[in-house]
Amino acid sequence: MAKNSSSDGKKWRRATRLVRGGTTRSGHGETSEAIFLTSGYVYDGAAEAEARFKGEAPGFVYSRFGNPTVAMFEQRLALLEGAEACKATSTGMAAVFAALMAQLRAGDHVVASRALFGSCLYIVGELLPRYGIEVTLVDGTDMAQWQAAFRPETACVFLESPSNPTLEIIDLPAVSALAKENGARLIVDNVFATPLLQPAMQLGADIVVYSATKHIDGQGRCLGGAILSDQAFVDDELLPFLRHTGPSLSPFNAWVLLKGLETLELRVERMCANALAVAGFLQSCGAVGKVLYPGLESHPQYALAQSQMSAGGTVVSFDMSGGKAAAFDLLNRLQLIDISNNLGDAKSLITHPATTTHQRLQPEERAALGISDGLLRLSVGLEDVEDVKEDLAQAIG
Ligand SMILES: *Cc1c(COP(=O)(O)O)cnc(C)c1O
C-alpha cells in the first residue's frame with residue numbers, strides 16, 4: 001500500500017487525520033494537496049467513458065458530480081467526524097437545503113427547533129411549507145414540546161446546538177432517541193460546536209451539516225459546506241439530488257478548506273480559551289447584563305453543555321443593559337474588534353443580531369427567541385486575549 005494511503009486514515013488519531021486524512025498524491029509526489037481546477041475529465045476510450053458513466057469503473061466524470069480536490073476535503077472531514085460518507089457543497093446553506101430536500105416529499109412533516117440560523121429558519125419556516133411539507137417549530141430546550149410534536153408522517157428533525165445567537169443547548173441524545181422511536185432522521189447543524197467540540201454523530205445525529213465558511217476556513221476567505229451521513233443516504237438520496245441540482249463546491253475553495261482543516265484543532269482550542277476568558281471578563285462589567293456562554297457555570301444549561309461538548313465554543317453573546325443605544329455605542333467605540341456578521345474567524349468579530357442577522361423577524365418573534373435589542377454576539381478570534389478584553393473595556397466605558 002502506498003505511503004499515506006487513504007486506508008491509513010481510520011487508524012490515525014484526530015490530529016493526524018486533520019493533517020493527512022484523505023490525501024491522494026498525483027504522480028508528481030507533491031507535499032501540498034493538488035488543486036484540480038478542471039470541470040471535466042477525458043477517457044482512454046469509448047468503453048471507458050461508458051463504464052464510468054455506469055459507475056462500473058472508478059474515476060471522475062464531471063466536476064458537478066465529483067472532483068479529486070473536493071474528494072480529498074470530503075474524505076478528511078468524514079474521517080474527522082467518524083462518518084461513513086461526506087459530500088461537500090458550495091455553502092453551508094446549500095448543505096442544509098440539500099440535506100432536507102434530498103429526502104423530503106409533499107405530505108412529510110418536519111420538527112425543528114425555533115432558535116435557528118436565520119436562513120435555516122427561512123427554509124423550514126417558509127420554503128418547505130410551500131411544497132406541502134408541514135413544519136412544527138419547538139423550543140429546543142423543552143423536551144415536552146419535542147415529544148408532543150411528532151406525528152406518524154414526521155420524516156426529519158432539524159436542530160442547531162448551541163443555537164445562534166443565544167447559545168441555547170439542545171439535549172442531542174434525548175432528541176435522537178425520540179426521533180428513532182418515531183422513525184424520523186435527526187439532522188444536526190453542528191456549526192457553532194465545530195466537528196471538534198461536539199461529536200454530533202456519536203451523540204445520535206443521522207446527518208450532520210456544516211458551514212465550512214466558519215471555523216473550517218476560519219480565515220475569512222471562502223464559502224463552503226458539507227453533509228455527513230451513512231453511505232446509504234449519500235448513495236440513494238443525496239447524490240442524485242446533488243448531481244442534478246448542482247450546488248457543487250469549487251475545487252479551489254475545497255483546497256482552501258483542506259488547508260483550514262490542518263490547523264482547525266489549534267485554532268479552535270485557542271479561540272475557546274480566549275472566549276472563556278472574554279466571557280468571564282464581560283461578567284465582571286457593570287454595564288453588561290446577561291452573559292451567555294455555554295462554558296460559564298452561569299449558563300442555564302451548563303451541565304448539559306458539559307455532558308455533550310468538550311468546551312464552550314468560540315462565540316459569546318451578551319446583553320447591554322442600556323438596550324440598542326448602548327449596544328450601538330459599544331460597537332462604534334471598538335478599535336480592534338470588527339463589526340461583521342461572520343463567525344469562527346481568526347479575527348474577533350461582533351454583530352448586533354436584532355438589526356442584522358435577525359432583522360427580518362417580527363419584534364415578537366425576536367423576543368420569543370431571547371434576541372433583545374441590547375444583545376451582541378461576539379465571535380472571539382486568535383488575537384492576544386488581553387487586547388480583546390482591553391478593546392471591550394474601553395468600548396464599554
Ligand atoms: C453560517 C451558518 C450557516 C450557513 O452557512 P453559509 O456558509 O453562510 O451558507 C448555517 N448554519 C449556521 C449555524 C451558520 O452559522
Side-chain angles (χ1 to χ4, degrees), residues 70 73 77 86-101 112-128 137 140 156-170 172 186-198 200 205 207-228 242 245-250 252-254 256-257 260-261 264 268 271 275 292 294 309 313-317 340-345 347 349-351 353 356-358 360-361 369 371 377-381:
V70 176
F73 171 63
L77 197 53
C86 172
K87 287 308 291 175
T89 54
S90 54
T91 67
M93 285 323 303
V96 170
F97 188 62
L100 289 162
M101 288 308 265
S113 55
R114 192 176 286 115
L116 292 176
F117 184 75
S119 297
C120 297
L121 192 60
Y122 177 79
I123 290 177
V124 298
E126 301 196 26
L127 273 187
L128 295 184
L137 294 175
C156 277
V157 176
F158 182 78
L159 64 83
E160 180 184 316
S161 179
S163 69
N164 175 34
T166 51
L167 306 175
E168 284 177 8
I169 308 294
I170 298 177
L172 294 184
L186 172 60
I187 307 175
V188 174
D189 179 339
N190 208 31
V191 170
F192 271 57
T194 80
L196 300 172
L197 306 181
Q198 177 166 273
I207 297 167
V208 181
V209 291
Y210 288 105
S211 163
T213 315
K214 310 295 165 57
H215 307 79
I216 293 177
D217 172 29
Q219 289 151 86
R221 298 166 296 191
C222 66
L223 302 173
I227 305 162
L228 296 115
L242 295 175
T245 59
S248 326
L249 179 64
S250 115
F252 181 80
N253 288 359
V256 173
L257 299 173
L261 284 175
L264 182 68
V268 168
M271 286 156 80
L292 302 168
M309 294 173 70
T314 65
V315 177
V316 182
S317 293
S340 174
N341 46 283
N342 199 2
L343 62 97
D345 198 273
K347 296 183 171 66
L349 306 175
I350 193 165
T351 191
T356 60
T357 54
H358 291 73
R360 221 175 44 84
L361 300 184
L369 292 173
I371 303 172
R377 187 195 76 189
L378 172 63
S379 169
V380 182

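Both counts, for ligands and for their atoms, begin at 1 and track the order of listing.
Closest protein heavy atom to atom 8 (O) of ligand 1: Ser211 OG, 4.1 Å. With hydrogens left out, the protein atom closest to atom 3 (C) of ligand 1 is Phe117 CE2, 3.4 Å, a heavy atom. Annotation: atom 11 (N) of ligand 1 to nearest protein heavy atom, Asp189 OD2, 2.7 Å. Of all protein heavy atoms, the one lying nearest to atom 14 (C) of ligand 1 is Lys214 NZ, 3.0 Å. The nearest protein atom to atom 9 (O) of ligand 1, hydrogens excluded, is given as Met93 N, 2.9 Å; this is a heavy-atom distance.
Every heavy atom of Ala95 sits 4.0 Å or more from the atoms of ligand 1. Put simply, no part of Asn164 is less than 4.0 Å from ligand 1, judged by heavy atoms.
Within the listing of ligand 1, atoms 7 (O) sit less than 4.0 angstrom from a heavy atom of Gly224. The atoms of ligand 1 that sit less than 4.0 Å from any heavy atom of Thr91 are 7 (O), 9 (O). Of all the atoms in ligand 1, the ones that sit under 4.0 Å from a non-hydrogen atom of Glu160 are 13 (C).
Formation of a donor-acceptor pair under 3.5 Å by the Arg377 side chain with backbone atoms of Pro165 is not found in this model. Asp189 places no side-chain N or O within donor-acceptor distance of the main-chain N or O of Phe158, the cut-off being under 3.5 Å.
Under 4.0 Å is where a charged nitrogen must lie from a carboxylate oxygen, and between Glu126 and Arg360 at least one such pair does.
Asn164 CG to Leu116 CG: the interatomic distance, rounded to the nearest 0.5 Å, is 9.5 Å. The CG atom of Leu261 sits 13.0 Å away from the NE2 atom of His215 when rounded to the nearest 0.5 Å. One distance of note links OG1 of Thr314 with CG of Leu378; it measures 9.5 Å at 0.5 Å rounding. Here CG of Asp217 is found 9.0 Å from CG of Leu223. Values are rounded to the nearest 0.5 Å.
Of the candidates Ser90, Gly118, Gly92, it is Gly92 that places a heavy atom closest to atom 6 (P) of ligand 1.
The two atoms that bring Ser90 and Ser248 nearest to each other are CB-O, 3.4 Å, heavy atoms only.
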